[in-house]
Amino acid sequence: MDRTQVVIPAGELERQRTYTRRMAALLAGDRRPLAMVDTYGCQQNVADSQRMMGMLREMGCGFTQDPRLADIILVNTCAIRENAEKKVFGVVGQLVHVKEERPECVICLCGCMAQRPEVAEKIRASYRHVDLVFGPQALWRLPELLYGVYTEKKRVFSVADEHGSIAEGLPVVRESGVKAWVSIMYGCNNFCSYCIVPYVRGRERSREPGCILDEVRELVEAGCREITLLGQNVNSYGKDLETPMDFADLLGEIDRIPGDYLIRFMTSHPKDAGEKLFAAMASCAHVARQLHLPVQSGSSRVLGAMNRGYTREQYLEKVRAARRAMPDLVLTSDIIIGFPGETEEEAMETVSLIREVEYDALFTFIYSPRPGTPAARLPDPASREEKQVWFDRLLDEQNRISGRRHRSYVGKTLRVLVDGESGDSQWPLSSRTHGGRLVHLRGDASLIGRYVQARITGSNTWALFGEAE
Ligand code: SAH
Ligand code: SF4
Ligand code: F3S
């Protein structure tokens with residue numbers, strides 16, 4: 001794919017701004033129009049929603065979380081598991097009442113679910129109160145798509161299967177001044193056999209390093225303290241650039257930006273993570289000693305069937321290498337239990353792997369078949385009940401490990417970033433360690449947005465507790 005076809009030309013983005021101005025004129029009235037953006041799924045979706053909010057703000061919109069007050073409702077969806085989709089169908093189903101009461105309210109469904117042909121068809125046929133449906137690759141055309149709905153008074157579907165593109169310079173509404181998400185690449189080429197993402201997010205495409213550096217620099221200059229770089233597999237960053245550059249090089253470049261800030265990133269695919277990355281993390285002062293390295297399974301046979309591209313042993317070797325480079329590394333992972341054909345013995349290999357690695361925390365899922373993926377066509381003899389038993393054993397083990405790891409922090413004093421209020425009167429502040437662990441903190445709200453020294457006084461399975469010094 002030619003890069004010039006991937007990066008949206010400036011003229012095309014200018015054309016979208018023309019639609020933004022037309023929308024602003026259409027929406028202008030005695031009161032400020034309100035938009036509601038309801039976001040499901042991963043940080044990539046959160047970052048996309050912030051860009052869509054940026055475009056809506058330029059159309060003159062304010063924001064609400066109350067669907068009864070909104071003129072435009074945007075539901076940004078996730079397709080990763082069936083439960084995620086069911087939840088969205090529930091939410092969108094309820095919006096029929098809003099449409100009955102106020103037919104002028106425009107209801108949009110976007111994001112990863114919208115890109116699934118079966119979902120788009122179901123919305124077309126059975127959710128007739130939804131006016132606009134578009135997938136993640138069409139996001140930058142939001143102004144034009146909305147203008148179509150408003151002026152042509154008909155439903156608009158923009159869900160063609162697209163390679164995907166890169167639109168630079170879209171406006172962004174960030175939720176806090178302290179933390180920010182920065183997408184460094186879009187799409188995924190890995191086609192893990194269980195996963196829907198490559199089908200709904202298009203092919204891998206990397207932003208130019210200069211654009212990423214400018215964005216990070218601006219954020220740091222504006223006082224942002226923690227920036228998380230996003231991509232489905234940040235380790236394949238740069239492979240598609242005209243002047244190749246890898247993720248470790250990008251970290252090195254970012255690290256040269258002066259200021260008091262921390263860089264995190266996710267997600268790192270183990271097959272492409274190696275010594276160069278670990279060395280870069282260890283030597284870059286601004287990069288957190290934190291690695292989310294999803295293993296998915298501890299059985300080499302299951303890993304093969306998942307098309308993950310590494311064995312149990314190869315994974316364990318990477319963990320050893322990462323810890324050699326960074327002895328204080330905070331390590332987390334994702335696990336899928338109950339992949340089609342997985343036996344009890346194989347599931348227990350996953351339990352033994354987490355015992356061996358001793359992750360700080362895990363994100364655990366029971367396999368959910370995704371129509372159109374190769375795994376969904378495999379025989380799946382284990383019952384839901386059996387899988388639940390394996391899953392509970394995994395959780396029990398991890399809870400013990402997390403509890404133990406968290407206890408080892410008690411008595412220490414650590415530098416943490418205070419990122420907001422917790423809503424708990426006893427521990428009013430929430431903060432994060434360098435490695436990303438949550439610390440409920442006693443201290444004054446004036447500390448929000450600052451790095452402070454926290455004395456850790458307690459812990460449980462999920463978090464630490466401490467006093468600001
Ligand atoms: N790109 C990331 C993962 C994105 S999806 C990576 O490769 O690590 C986040 C997590 O959802 C995955 O790591 C996986 O554990 C889980 N997941 C993906 N598809 C799933 C499915 N069909 N059923 C259950 N869990 C799934
Ligand atoms: Fe899905 Fe695998 Fe791509 Fe992650 S790397 S998004 S699990 S296909
Ligand atoms: Fe869900 Fe799409 Fe993210 S499927 S997990 S929102 S990339």
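Start at 1 and go down the list; that is how both ligands and their atoms are numbered.
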For a 4.5 angstrom cut-off between non-hydrogen side-chain atoms, does Leu95 reach Val75? yes
Looking only at side chains, do Ser193 and Asn307 share a donor and an acceptor under 3.5 Å apart? no
Which protein N, O or S atoms does atom 2 (Fe) of ligand 2 have within a distance shorter than 2.8 Å? Cys192 SG
Heavy atoms under 4.0 Å from ligand 1: which residues qualify? Ile80, Arg81, Tyr194, Gln232, Thr267, Pro294, Gln296, Arg308, Asp334, Ile336, Phe365, Ile366, Tyr367, Ser368, Arg370
Can you find a pair of side-chain heavy atoms, one from Arg312 and one from Ser300, that are under 4.5 Å apart? yes
What's the shortest distance from atom 3 (Fe) of ligand 3 to any protein heavy atom, and which residue and atom give it? Cys42 SG, 2.3 Å
Nearest protein heavy-atom contact for atom 4 (S) of ligand 3: which residue, which atom, what distance? Ala79 N, 3.3 Å
Protein contact to atom 2 (Fe) of ligand 3 [nearest heavy atom, distance to 0.1 Å]: Cys112 SG, 2.2 Å
Identify which one of Arg393, Glu349, Glu386, Lys387 satisfies the side chain to side chain contact (heavy atoms under 4.5 Å, CB included) criterion when paired with Glu344. Arg393
Among all protein non-hydrogen atoms, which one is nearest to atom 7 (S) of ligand 2, and what is the separation to 0.1 Å? Tyr194 OH, 3.4 Å
Just which atoms of ligand 3 are under 4.0 Å from any heavy atom in Asn45? 6 (S)
Does Cys78 bring an N, O or S atom to under 2.8 Å of atom 2 (Fe) of ligand 3? no
Please list, in number order, the atoms of ligand 3 under 4.0 Å from a heavy atom of Gln232. 7 (S)
